[in-house]
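All values below come from the heavy atoms of this structure, side chains included, with hydrogens, waters and symmetry mates left out.
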Amino acid sequence: MEDLHLENHEEEEKAAEDKSRDNLADKPNENHGEEDETGDKQSWDDNLVDKIKDIIGYEFRNPNLLQQAFTHYSYLDQDKTSTASYERLEFIGDSILSFFMAEEHFRLYPDLPPGQLTKLRAANVDTEKLARVAFKYKLHTFLRHKKPLLAGQIKEFEEAIVNYPIHSSGLLNAPKALADIVESLVGAIYIDSNSMETTCKIIKNLLQPMITPSTLHTHPVTLLYEICQKNKVKLESRDLWKETGEVEFMVDGEFVGRAKYRAKRVVANNRAAYEACHKIITKLKLENPKDNESGSQQ
């Protein structure tokens, strides 16, 4: 059931991104971002190659690929000399990251069943994980864009990840553009080097520390459904997000969790589920102290 929920949220996010692209297309002459800090184009290109080499240990033979990897589609209307955004490189980088992570986990955890391998791979290449990589190495400072809200989103993300050193399991709003440029950079490395071995070595370094079976947390929505199913209670949700930015959960008609986050429905839903989980678990412990005591001793 969680897969269906997550699938719907991914479709919503993609639709929002497409809508944003359409809006930008309707306003080709409007300045959609911050001041252009790239300076002279040739200087920007040269500096980018050197700085990325310092970060990943690989020097691009084709600087145009690297420029493309850090060009958001919103920037194309401003710079008529740039003919392509990072989207195609992002596409191939996404596939390479998934393949690398699948093979890496297959070899590292020979006894882990496919279901757990899938969850582990997903956690290590999802938007939040890749956004953390981009922020860690300040890759967003090289991004050419005209997204007026991005700076504020990155600032919010920077402040929030302090409370979640490894991963928040869906409780944070990770800027998708940050994850995109990690994928596009990986795609650019592969195309430029024509070597999967070189690309995978760089990926392995960039993604450290990776999420492991011991640090992988159950998604709050999944955990909520599991708790309710195990305890044979009826779970209901109230989606008020369009009206108030809120999502609520009730168990057997009793309110157990609410969260408000207008920026993204999926985050509000996850936070409400997280709160509901803690309230239900606390209530079960109070109602069945002996069961919990015996369970803790096993």
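At distances below 3.5 Å, not a single donor-acceptor pair connects side-chain atoms of Thr222 with backbone N or O atoms of Thr218. Under a 3.5 Å cut-off, the side chain of Ser184 and the backbone N or O of Glu90 do not form any donor-acceptor pair. Judged by distance alone, with hydrogens and angles left aside, the side-chain atoms of Thr215 form no donor-acceptor pair with the main-chain N or O of Ile211 at under 3.5 Å. Not one N or O on the side chain of Asn270 forms a donor-acceptor pair closer than 3.5 Å with the backbone of Leu171. Side-chain N or O atoms of Thr244 include none that pairs as donor or acceptor with a backbone N or O of Trp241 at under 3.5 Å. Judged purely by atom type and a 3.5 angstrom limit, Arg121 has no side-chain atom pairing as donor or acceptor with the backbone of Ala102. Within the 3.5 Å criterion, the main-chain N or O of Ile227 finds a donor-acceptor partner in the side chain of Asn231. Side chain of Ser168 to main chain of Tyr164: no donor-acceptor pair is present (N/O by atom type, distance under 3.5 Å, no hydrogens or angles).
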Output, in order, the C-alpha distance, side-chain angles, deciding distance and verdict of side-chain hydrogen bond (donor to acceptor under 3.5 Å, both in side chains) for Asp180 and His72.
-> CA-CA 9 Å; Asp180 289 348; His72 189 267; 5.7 Å; no
Chi angles and distances behind the side-chain hydrogen bond (donor to acceptor under 3.5 Å, both in side chains) call for Glu87, Ser85 = CA-CA 6 Å; Glu87 290 173 302; Ser85 70; 3.2 Å; yes
Checking salt bridge (charged side-chain N to carboxylate O under 4.0 Å, His left out) for the pair Arg258/Glu275: CA distance, chi angles, key distance, verdict?
-> CA-CA 7 Å; Arg258 177 191 294 120; Glu275 180 181 310; over 6 Å; no
CA sep, side-chain torsions, deciding dist, call: Lys260, Glu246, salt bridge (charged side-chain N to carboxylate O under 4.0 Å, His left out) | CA-CA 4 Å; Lys260 181 176 182 178; Glu246 295 176 310; 5.4 Å; no
Before giving the answer on side-chain contact (heavy atoms from CB on, under 4.5 Å), spell out for Leu224 and Val221 the whole-Å C-alpha distance, their side-chain angles and the decisive distance to 0.1 Å.
-> CA-CA 5 Å; Leu224 180 58; Val221 175; 5.7 Å; no
Residue pair Ser95, Ser98: steps toward the side-chain hydrogen bond (donor to acceptor under 3.5 Å, both in side chains) verdict = CA-CA 5 Å; Ser95 298; Ser98 292; over 6 Å; no
Please assess Leu139 against Ile55 for the test side-chain contact (heavy atoms from CB on, under 4.5 Å), listing each intermediate value before the final yes or no.
-> CA-CA 9 Å; Leu139 297 179; Ile55 294 170; 4.1 Å; yes
Does the side-chain contact (heavy atoms from CB on, under 4.5 Å) test come out yes or no for Leu207 and Leu97, once each step is laid out?
-> CA-CA 10 Å; Leu207 266 59; Leu97 280 163; 4.3 Å; yes
Any chance you could lay out the salt bridge (charged side-chain N to carboxylate O under 4.0 Å, His left out) test for Lys230 and Glu226, step after step, and finish with the verdict?
-> CA-CA 6 Å; Lys230 180 181 178 180; Glu226 288 177 351; over 6 Å; no
Evaluate the side-chain hydrogen bond (donor to acceptor under 3.5 Å, both in side chains) criterion for residues Asn124 and Lys129: first the C-alpha distance (whole Å), next the side-chain angles of each, then the deciding distance (0.1 Å), finally the verdict.
-> CA-CA 6 Å; Asn124 274 291; Lys129 171 62 178 178; 4.6 Å; no
Full working for side-chain contact (heavy atoms from CB on, under 4.5 Å) between Thr141 and Lys138 | CA-CA 6 Å; Thr141 61; Lys138 306 301 179 188; 4.1 Å; yes
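Side-chain contact check for Leu185 versus Ile181: every heavy-atom pair is 4.5 Å or farther apart. Side chains of Ile56 and Asn205 form no contact here, defined as non-hydrogen atoms less than 4.5 Å apart. Side chains of Leu178 and Leu130 form no contact here, defined as non-hydrogen atoms less than 4.5 Å apart. Contact of the Lys285 side chain with the Ile281 side chain is registered, since non-hydrogen atoms from C-beta on lie closer than 4.5 Å. Residues Thr212 and Leu108 form no side-chain contact, since every pair of their non-hydrogen atoms from C-beta on lies 4.5 Å or further apart. Put simply, the side chain of Phe70 reaches to within 4.5 Å of the side chain of Ile52, judged on heavy atoms. Counting heavy atoms from C-beta outward, Gln208 and Lys204 have side chains that approach closer than 4.5 Å.
For Asn163, the CG atom is densely surrounded, since the number of other residues' heavy atoms within 6.0 Å is greater than 12. Within a 6.0 Å sphere centred on NZ of Lys136, heavy atoms belonging to other residues, nucleotides or ligands number more than 12. Counting non-hydrogen atoms of other residues, nucleotides and ligands closer than 6.0 Å to CZ of Phe91 gives a total of 12 or fewer. More than 12 heavy atoms of other residues, nucleotides or ligands lie within 6.0 Å of CD in Gln116, so this atom counts as buried by the packing criterion. Annotation: Lys242, atom NZ; neighbour count of heavy atoms from other residues, nucleotides and ligands within 6.0 Å does not exceed 12. No more than 12 heavy-atom neighbours from other residues, nucleotides or ligands sit within 6.0 angstrom of CD on Glu197. Atom NZ of Lys201 has 12 or fewer heavy atoms from other residues, nucleotides or ligands within 6.0 Å.
To the nearest 0.5 angstrom, Phe106 atom CZ is 11.0 Å from Leu112 atom CG. The distance from the CD1 atom of Ile96 to the CE atom of Met101 is 13.0 Å, given to the nearest 0.5 Å. Atoms NZ and CD, on Lys155 and Glu158 in that order, are 4.5 Å from each other to the nearest 0.5 Å. Between the CG atom of Asn62 and the CG atom of Leu65 there is a distance of 4.0 Å, given to the nearest 0.5 Å. With values rounded to the nearest 0.5 angstrom, Tyr190 atom OH is found 15.5 Å from Phe100 atom CZ. Here the straight-line distance linking atom CG of Leu223 with atom OG of Ser169 works out to 10.0 Å at 0.5 Å rounding.
Of the charged side-chain nitrogens involved, none lies within less than 4.0 Å of a carboxylate oxygen, so that Glu254 and Lys234 do not count as a salt-bridged pair. With respect to the salt-bridge test (charged N to carboxylate O, under 4.0 angstrom), the residues Arg132 and Glu128 qualify.
When every heavy atom of Leu172 is checked against every heavy atom of Val267, the shortest pair comes out as O-CG2, 3.8 Å. Across all non-hydrogen atoms, the minimal contact from Glu156 to Asn173 is OE2-CB, 4.5 Å. Of all heavy-atom pairs between Ala123 and Asp126, the closest is O-OD1, 3.5 Å. The two residues Gly187 and Ile92 make their nearest non-hydrogen contact at CA-CG2, 3.5 Å. Annotation for Ala259 and Ala268: closest pair CB-O, 3.3 Å, computed over non-hydrogen atoms. Of all non-hydrogen atoms in Ala273 and Phe249, the two that sit nearest each other are N-CE1, 3.5 Å.
The aromatic rings of Tyr58 and Phe60 sit perpendicular, their planes meeting at an angle over 60°, well past the 30° parallel limit. Ring pair Phe135/Phe157 is perpendicular by interplanar angle, where above 60° counts as perpendicular and below 30° as parallel.
Note: the hydrophobic cluster containing Tyr109 does not contain Phe99 (ILVMFWY, side chain heavy atoms under 4.5 Å, direct or indirect links). Hydrophobic clustering of Ile, Leu, Val, Met, Phe, Trp and Tyr side chains at less than 4.5 Å, counting indirect connections, keeps Ile280 apart from Phe255.
With a 6.0 Å cutoff to the six-membered ring centre and a 45° limit on the axis angle, Arg144 does not count as a cation-pi contact of Phe142.
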